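Written out below as structure tokens is the structure these notes cover.
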Number of protein chains: 4
Amino acid sequence: MAGGAKARRLPRVVRERQMVDAAVRCFARHGYQAASMDEIAELAGVSKPLVYLYLGSKEELFTACIRREAGALLAAVDAGVGGAEVPPDERLWAGLLAFFTYAADHPDSWVVLSRQARTQGEPFAGEVARMRDEIVGFVAGLIGEAAGEADVVITGRDVDALAQALVGSAESLASWANETPGVAAKEAAATLMNFAWAGLGNLMKSERWSPRRRLPGSKVTG
Amino acid sequence: MAGGAKARRLPRVVRERQMVDAAVRCFARHGYQAASMDEIAELAGVSKPLVYLYLGSKEELFTACIRREAGALLAAVDAGVGGAEVPPDERLWAGLLAFFTYAADHPDSWVVLSRQARTQGEPFAGEVARMRDEIVGFVAGLIGEAAGEADVVITGRDVDALAQALVGSAESLASWANETPGVAAKEAAATLMNFAWAGLGNLMKSERWSPRRRLPGSKVTG
Amino acid sequence: MAGGAKARRLPRVVRERQMVDAAVRCFARHGYQAASMDEIAELAGVSKPLVYLYLGSKEELFTACIRREAGALLAAVDAGVGGAEVPPDERLWAGLLAFFTYAADHPDSWVVLSRQARTQGEPFAGEVARMRDEIVGFVAGLIGEAAGEADVVITGRDVDALAQALVGSAESLASWANETPGVAAKEAAATLMNFAWAGLGNLMKSERWSPRRRLPGSKVTG
Amino acid sequence: MAGGAKARRLPRVVRERQMVDAAVRCFARHGYQAASMDEIAELAGVSKPLVYLYLGSKEELFTACIRREAGALLAAVDAGVGGAEVPPDERLWAGLLAFFTYAADHPDSWVVLSRQARTQGEPFAGEVARMRDEIVGFVAGLIGEAAGEADVVITGRDVDALAQALVGSAESLASWANETPGVAAKEAAATLMNFAWAGLGNLMKSERWSPRRRLPGSKVTG
DNA sequence: GATGAATGAGTTTTCATTCAT
DNA sequence: AATGAATGAAAACTCATTCAT
């Protein structure tokens, strides 16, 4: 008797994967608090005590979800990005493409990481913040590298701020793309690349925007 | 006898404000689900039944928070932005400045709007999405206007995507600024202005970024 | 200024009547527990503290309702029934007619007395039981009287049981008549008179029903 | 180890029965609204969550009580009544006996069915009304049958009204018997049989009661 | 390896009731 | 004569978690 509809007595690793899969889905759909262990167990096709036996507690289960999904996202981006011999804009492009592709392919994972985990306070926010910091750091590195190549001096905080801005726009675009039918990952990546890298390029050329001077109360003149 | 520690028998409007104030704080700190009506009532200095008498239910209370804070944010931005006679970049600058200032001055409000409300599903997500859409629309208008001035043709969806990216980076920067000591609203606005408007400027000049061509599997050559 | 839509500053007696009127209606519709003092006060057109000022408490209010309505029902029946010079069957007929008429004219009152009050345990059940006992006693008196006239000896308990049965059938018929369109009070009274007085008459003649004798397991024979 | 004071880990069916038993008792004593789930759970010897897990909600629990008890009452009556070959008066006698016996043996059940359920509005009143209608229908059938045998023509509504009256008197007697020490089921059934069947018999013989004619305002003359 | 049975602790919500004016 | 403001107490219901098998 092989290939029954419901496999019993599976090895632990398989069962754990099923459970975390189910949990990611539930957490994505309902949020951490509203997702119930009952529902997760049912969706995983196991009994509740087994979930506790393998994953410990709801908190640990959520943490496991965050860790696994964060790792997968980072791995996907890392795999897409080339080594130091590739110029920074190419590396950013590759990273963005990998990122948008991951977000599109794993919408539940993306919702958990970008939304649910960050609103649940510690320890979850910290857990996902670590991953985000890594990405921000990666982007900051690229920006710094580009600045170096262009012989431009930028303060560390400016670099951080720019990286934050870029990552934020990527996050926003990813969610928008997931919710808007017909927006491909490649398209989103291209838009962002145009938007961001060009802006960075100008910064490199020290072309900064500043408000025009005008007399208080007077109308603006061309 | 003035200035007692605990004011009793206040008029309804005052009490309602106190309650919504307390609720915003609790919801910001713990999220919608984890915040308890008990805690909110205590923080507001009233009994739970009064909260229900005046605000109806937890759901209505959260909605009231979202509406009030979204209104305040929009009002702040609207008040900062000039009319159509002001050029778009100036209007964006003014809007960003007002936005970052609001987020810095009302961190709980900002957390509720940007994080908590958006993760709680309907009807809350929709409530705050309306406000965000207004801002995205405002930014999209500016971008379109700038494109018109530069005689550049951009598709509506590209404008939308750019607006999403810009708003996303502003959100990201606002949260980062709030969590990073010593980052002023003006500074954040300036960074974003440089980053974003310059990027848009390049787009206007049709200078687009595109990946360099390379043979599959081959190394990239500078 | 006379004849306004909402009269304020009414004399106490009037206000109390309004309140008890409203209470009877609410208690009839929702039952004692489910009826809320808020609703009663609103229906009476006064504020809740006034209800408490005049009627004391929910329990006292319900008791007041029961007392007033029970008194009204008894008064109606008493008024309809003649004195001792009238023969018992005529008195029963008059009482039934008055009773069915009252129940039809005051359906809320009847619901409160027959259903709501009796299910709420003490002290309410006792309150209404007193009234019912009076009616049962009245009926028992008539039966006893008729027995006396017919020179038949019946035990007190038999008389009680017969009175209980007669009153129960009257109650049942009254509720049925109120819920069944087109059944007049007079009709119900006539049906019951036929049904009951004839049965009593037979009893008077000592014609009793008893199960026929039959052999166990055998078929019944004519 | 048998006969422990408190049995733990019982199969679901057993627990459910215990819970419904306890619920019937509480509902009978306090009514639907006043009975608390806490008390029911305690009386059943389980925790509240288990009650909710097995029975769903207070409403469903009450419905379950009504259904079970109504079913038991109907089954008891059905079992007592013979088939169509038994003459109608014998069938009525058997039904009444079974009915009074059931009411005496299960006083809580009887209180729930006759009082509590009928005052709680829909869906409970409807639930129990179905059962009562079955009994009324059964009685109406007997009356009709008897009328047929006696070659008497009665309208359907008269039959209905008589059945309502008979059932009402049975209900009244049952409650009275339960509250009055020393009244046996058999005695109550006999009283009712004498009272009711004789009355019906007279109806069959078309001996109807009617008020004597008298001049308006005049005294009655023997 | 896996589960049916069970619960402590907490949630939102409601309501009769009172105070201060 | 009358009320807007306010609450203590308790209700229904849920959920993460564990035990015994």
Side-chain angles (χ1 to χ4, degrees), chain A residues 7-12 14-15 33-41 45-61, chain B residues 7-16 33-41 45-61, chain C residues 7-12 14-15 33-41 45-61, chain D residues 7-16 33-41 45-61:
Chain A
R8 309 207 149 250
R9 307 266 150 180
L10 294 180
R12 170 158 187 159
V14 181
R15 278 279 190 241
Q33 302 267 358
S36 85
M37 296 297 272
D38 272 289
E39 193 192 351
I40 293 171
V46 296
S47 72
K48 241 188 319 175
L50 201 60
V51 179
Y52 280 90
L53 187 63
Y54 283 180
L55 274 314
S57 71
K58 194 185 190 183
E59 191 170 322
E60 290 174 83
L61 174 56
Chain B
R8 309 204 149 254
R9 305 268 148 181
L10 296 180
R12 173 167 184 156
V13 203
V14 179
R15 280 285 190 234
E16 279 190 353
Q33 303 263 2
S36 87
M37 295 297 271
D38 271 294
E39 192 192 351
I40 292 171
V46 297
S47 69
K48 237 185 325 170
L50 202 60
V51 181
Y52 279 91
L53 187 63
Y54 284 177
L55 274 314
S57 71
K58 194 183 190 184
E59 190 169 323
E60 287 174 87
L61 174 56
Chain C
R8 309 207 149 251
R9 307 265 151 183
L10 293 181
R12 172 157 187 161
V14 180
R15 280 278 191 241
Q33 302 267 355
S36 85
M37 295 298 272
D38 271 290
E39 194 192 349
I40 292 171
V46 298
S47 73
K48 242 187 319 175
L50 201 60
V51 180
Y52 280 90
L53 188 62
Y54 283 1
L55 275 313
S57 72
K58 195 185 188 184
E59 192 171 319
E60 289 174 83
L61 175 56
Chain D
R8 310 205 147 254
R9 305 270 148 181
L10 296 180
R12 174 167 183 154
V13 204
V14 179
R15 279 283 190 237
E16 279 189 354
Q33 303 265 1
S36 87
M37 295 298 271
D38 270 293
E39 193 192 350
I40 292 171
V46 297
S47 70
K48 228 185 333 170
L50 202 60
V51 180
Y52 280 92
L53 188 62
Y54 285 175
L55 275 313
S57 70
K58 193 183 188 183
E59 190 170 322
E60 288 174 87
L61 175 55

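None of these values were measured; they are calculated from a predicted model. In the text below, chain A, chain B and the rest are named by the order of the sequence lines, each starting its count at 1.
- Under 4.0 angstrom from either OP1 or OP2 of dA2(F) there lies at least one side-chain N or O belonging to R15(C).
- The side-chain contact (heavy atoms from CB on, under 4.5 Å) test applied to K48(D) returns M37(D), D38(D), A41(D), Y52(D), not counting sequence neighbours.
- Counting to the nearest Å, the P atom of dG4(E) and the CG atom of L50(D) are 14 Å from each other.
- Qualifying side-chain hydrogen bond (donor to acceptor under 3.5 Å, both in side chains) partners for S47(A), counting only residues two or more places apart in sequence or in other chains: none.
- Applying the side-chain hydrogen bond (donor to acceptor under 3.5 Å, both in side chains) criterion to E16(B), with sequence neighbours excluded, gives R12(B).
- Atom CZ of R12(D) is separated from atom C1' of dT3(E) by 15 Å (rounded to the nearest Å).
- The interatomic distance linking I40(C) (CD1) with dA16(E) (P) rounds to 8 Å, in whole Å.
- Scored by the side-chain hydrogen bond (donor to acceptor under 3.5 Å, both in side chains) test, S36(A) finds no partners at all (sequence neighbours excluded).
- Partners of E59(D) according to the side-chain hydrogen bond (donor to acceptor under 3.5 Å, both in side chains) rule, which considers only residues two or more places apart in sequence or in another chain, do not exist here.
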Under the rule of Watson-Crick or G-U wobble with both distances under 3.5 Å, where | means paired to another strand and [ ] a crossing pair, DNA chain F maps to .||||||||||||||||||||

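- Rounded to a whole Å, the CG atom of L61(D) is 11 Å from the P atom of dA12(F).
- In this structure, L55(C) and E60(C) have side chains that are not in contact, with every pair of non-hydrogen atoms separated by 4.5 Å or more.
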Heavy atoms under 4.0 Å is the rule here; annotate nucleotides 16-21 of chain F 5' to 3' with B where the base is hit, S where only the sugar-phosphate is, and - elsewhere.
SBBB--

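- When the salt bridge (charged side-chain N to carboxylate O under 4.0 Å, His left out) test is applied to E39(D), no partner is found at least two apart in sequence or on another chain.
- Residue Q33(D) comes nearest to Q33(C) through the heavy atom pair CB-CB, 3.4 Å, listed as atom of the first residue, atom of the second, then distance.
- For L53(C) and dA16(E), the CG to P distance is 18 Å, given to the nearest whole Å.
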